[in-house]
Amino acid sequence: MLDARYSFRTNTCGSLRAENNDDQVVLAGWVAKRRDHGGLIFCDLRDRSGIVQCVFDPDASGEAFVIAERMRPEWVMKLTGTVRPRPEGTVNPGMDTGAVEVLITSAEVLNTSETPPFEVEAGIDTDETTRMRYRYVDIRRPEVLAALQLRDRVTQRFRKSLEHRGFMEVETPILTKSTPEGARDFIVPSRMNPGKFYALPQSPQLFKQLLMVSGLERYYQIARCFRDEDLRADRQPEFTQVDIEMSFMEQDDVLQMMEEVMHEVMKEADVDLQVPLRRMPYSEAMDRFGCDRPDTRFGMELTCLTETFATSEFKVFASVLSSGGRIKGINAKGAGDWSRSKIDALNQLALDSGAKGLAWVAFPTEGDVRSPIAKFFTEAEMADLRDKMDVESGDLVLMVADAHDVANEVLGTLRLRMADELKIERTGFDALWVVDFPMFKYDADEERWTANHHPFTMPFAEQVDSLEDDPAAALSYSYDLIMNGLEIGGGTLRIHNADLQRRVLALLGHSAEDANEKFGFLLEALSLGAPPHGGIALGLDRLVMLLAGAQSIRDVIAFPKTSSGGDPLTGAPDTVSARQLREVHLKTD
RNA sequence: GGGGGUGUAGCUCAGUCUGGUUAGAGCGCUGGCCUGUCAAGCCAGAGGUCGCGGGUUCGAGCCCCGUCACUCCCGCCA
């Protein structure tokens, strides 16, 4: 909360109320608006706390009035005057300070300003690049300031809530070591070690595990993370995690702790998070929603139609079923009258998502069926389809026949697309845990197993012995926090046994030598008294974006980057001098 | 790396499909008038590399080719 301490002002603009009437005040701030009536000038003065109307009357001060005639938007002013009630009929109920005004007796120009590149007010529609180039002006606007203030409150609440629960804030290195797996690293050349590089951390993952081996037991950090990958509305090359790790715990402990903390944090945005949150196994999320971060605020769930078409004459269905695949579908209610071209676009989306095709049956009106494949269905199959999919007239049933996971993922994509196309309302607030992720997934391109979460994730105890026999079947102690279809955070229990960690690294294709070179320090630590531990990391930017109702994390970052990773304000990234390159032993082409 | 969208005054846009006089509007800005406005009002005015480069044409903001920037999505993001 901004106040007047440590400054030459006596009050902040936004704090003035009727009880300040007759107070002599000194204010400081920016000229938000000026309304010149010739013989009387109004000026809205803005500081971080808000806006108050100041009145310049030649009868009160001729000198101040002359200054007010010169004043322009965004000039920086020191104004002295008397708070008084506004005259009858001129109270502005739309302003927090609308009951009062300040009659100015003395004015000082602290600084002038060029005409700003865009208007400093709410609701402008200015191109983001221009706003970013003059971000310091943009931040004066109420919605940008409000987003940063919300971010501040959320961050402070995390600190308080975690501190109250015995968590210690520790900083970990920004200049660290590149590790395989995961995202592309940002690298920094080492001047003192020619040809060697630091990497910026993708997350403090390994350091927080080391801090558990250190015996800190409960750690947190508001940690900057760096990943050199392409940007999105919800992805920046540098972003902030609320990073948490704890020892001597089980999965339920971290989930419960997190629920309590999130309940407190979200109060800062007037959200009353209902806890405990429900927990949905990954397999259920995929089966019902085709997505590991399901938006459960609307239906259109995936329905299994394998039984319906178990003896189908339709060759596409029959061949998929004979090779162990599934037939699943969704019912897009209200799309029954869609044109062939719109459905063709869905088919293309299905193909792009990995399906071999999209089967569809439209029910435009009562008794009418439109479909290129319905002729292959028996009456019984059709009746069962209608029954299972709860078909009414006006519906469009989309079906995918493919391997189980492909059918799920494709329909999950189609489900979200149809929700957008049909403008299905997604109101309310919905949060859940998705748990029990598979340990590994197979990378067909590289022909190897990769870690689903990261290589330090603990497999289910009862599956440890059979890990190598059937990697695909192994599940892990893992959990993602999902809110309104956004991945807000995720974590795991960690492997704290060096031998098991070696086995997992081996399974991921790292030779013993390789593992020692890249992760030797971790393996060594695990052999020197590592306690059972686990944790979670929350995407602070995404959480605040969600709470602010913003469409992009750029809206909740003070100085964000464009989609090509540049900063229009400073011009970064930029070239460096030949000398700088020589010093770090680099040559460019 | 791929696909979609956008680029015209300080800002937001119209004009581009169908090439043709001096490229328009609103806001903002500048000047004047105005003592109760809060999107102040009225009058007047200034302000343009139509993203950039090339091509077609008698003539290009408009058509063609290339390119750049921003933005959304796919790939990528343990």
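We name chains A, B, ... by the order of the sequence lines, and we start the count at 1 in each one.
The gap from the P atom of B:rC65 to that of B:rU56 amounts to 15 Å, rounded to the nearest Å. The same atom, P, is picked in B:rC68 and in B:rA60; the two are 25 Å apart, to the nearest Å. One C1' atom belongs to B:rU12, the other to B:rU6, and the distance between them is 13 Å to the nearest Å. Spacing of C1' atoms, B:rA23 relative to B:rC13, comes out at 14 Å, to the nearest Å. Comparing B:rG54 with B:rC33, their P atoms are spaced 49 Å from each other, to the whole Å. One P atom belongs to B:rC73, the other to B:rC63, and the distance between them is 28 Å to the nearest Å. B:rA14 and B:rG26 are spaced 11 Å apart, taking the C1' atom of each and rounding to whole Å. Across the C1' atoms, B:rU16 and B:rG24 are found 14 Å apart, a figure rounded to whole Å.
Residue contacts shown for A:Arg131 are absent, as no nucleic acid heavy atom lies under 4.0 Å away. Backbone-only engagement by A:Pro73 is indicated by non-hydrogen atom pairs under 4.0 Å involving sugar-phosphate atoms exclusively. Across all strands, A:Ser203 comes closer than 4.0 Å to base atoms (heavy-atom distances). Counting non-hydrogen atoms under 4.0 angstrom, A:Thr562 reaches the backbone sugars and phosphates but no base. The residue A:Gln205 sits close to a base: some heavy atom pair falls under 4.0 Å. A:Asp230 comes within 4.0 angstrom of a nucleotide base, judged by non-hydrogen atoms across all strands. At the heavy-atom level, A:Glu121 lies nowhere under 4.0 Å from the strands shown. Across all strands shown, A:Asn452 has heavy atoms under 4.0 Å from sugar-phosphate atoms exclusively, and none from any base.
For the 3.5 Å distance criterion, the side chains of A:Arg494 and A:Thr492 qualify, holding a donor opposite an acceptor. Remark: the A:Gln348 side chain and the A:Asp352 side chain contain an N/O donor-acceptor pair separated by less than 3.5 Å. A donor-acceptor pair shorter than 3.5 Å cannot be found between the side chains of A:Thr450 and A:Asp443. Looking only at atom types and distance, the side chain of A:Ser203 has no donor-acceptor partner in the side chain of A:Gln241 under 3.5 Å away.
For A:Asp125, the side-chain atoms get nearest to B:rU12 when compared with the rest of B:rC77, B:rG36, B:rU12. Residue A:Thr126 places its side chain closer to B:rC11 than to any other of B:rC70, B:rU71, B:rC11.
The aromatic rings of A:Tyr136 and A:Tyr134 lie perpendicular to each other, with more than 60° between the two planes, well past the 30° mark. A:Phe437 and A:Tyr282 have tilted rings, their planes meeting at an angle from 30° to 60° on a 0 to 90° scale. The aromatic rings of A:Tyr477 and A:Phe460 lie tilted to each other, with the angle between the two planes from 30° to 60°.
The stretch residues 487-512 of chain A has no heavy atom under 4.0 angstrom from RNA chain B at all. The stretch residues 83-98 of chain A comes close to RNA chain B through A:Arg84, A:Arg86, A:Pro87, A:Thr90, A:Asn92, A:Met95, each having a heavy atom under 4.0 Å from the strand. For RNA chain B, the neighbouring residues in residues 231-242 of chain A, judged by any heavy atom under 4.0 Å, are A:Arg232, A:Ala233, A:Arg235.
Smallest separation of non-hydrogen atoms from A:Ala68 and A:Arg34: O-NE, 2.8 Å. Listed here is the closest heavy atom pair of A:Pro455 and A:Leu508: CB-CD1, 3.6 Å. Counting all heavy atoms, side chain and backbone alike, A:Met95 lies closest to A:Val52 at CE-CA, 4.3 Å.
Contact annotation: A:Arg554 reaches the phosphate of B:rC72 (side-chain N/O to OP1 or OP2, under 4.0 Å).
Remark: ring of A:His37 overlaps the six-membered base ring of B:rA40 in a stacked fashion, centroids less than 5.5 Å apart, planes less than 30° apart. Judged by ring centres under 5.5 Å apart and planes tilted less than 30 degrees, A:Phe42 stacks against the six-membered base ring of B:rU37.
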(request) Might you work through the salt bridge (Lys or Arg N to Asp or Glu O under 4.0 Å) test for A:Lys33 and A:Asp44, ending with a clear yes or no? (result) CA-CA 5 Å; A:Lys33 264 296 199 266; A:Asp44 292 338; over 6 Å; no
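Annotation: cation-pi pair A:Arg415/A:Phe298 present, NZ/CZ under 6.0 Å from the ring centroid and within 45° of its normal.
B:rA39 is unpaired under the Watson-Crick or G-U wobble criterion, no partner having all donor-acceptor distances under 3.5 Å. Pairing for B:rC70 goes to B:rG5, judged as Watson-Crick or G-U wobble with the two contacts each under 3.5 Å. Taking a pair to require two hydrogen-bonding distances under 3.5 Å in either a Watson-Crick or a G-U wobble arrangement, B:rC13 pairs with B:rG24.
Atom CE of A:Met280 sits about 12.0 Å away from atom CG of A:Asp292, to the nearest 0.5 Å.
Within 3.5 Å, no donor on the side chain of A:Asp127 pairs with an acceptor on the base of B:rG7, nor the reverse.
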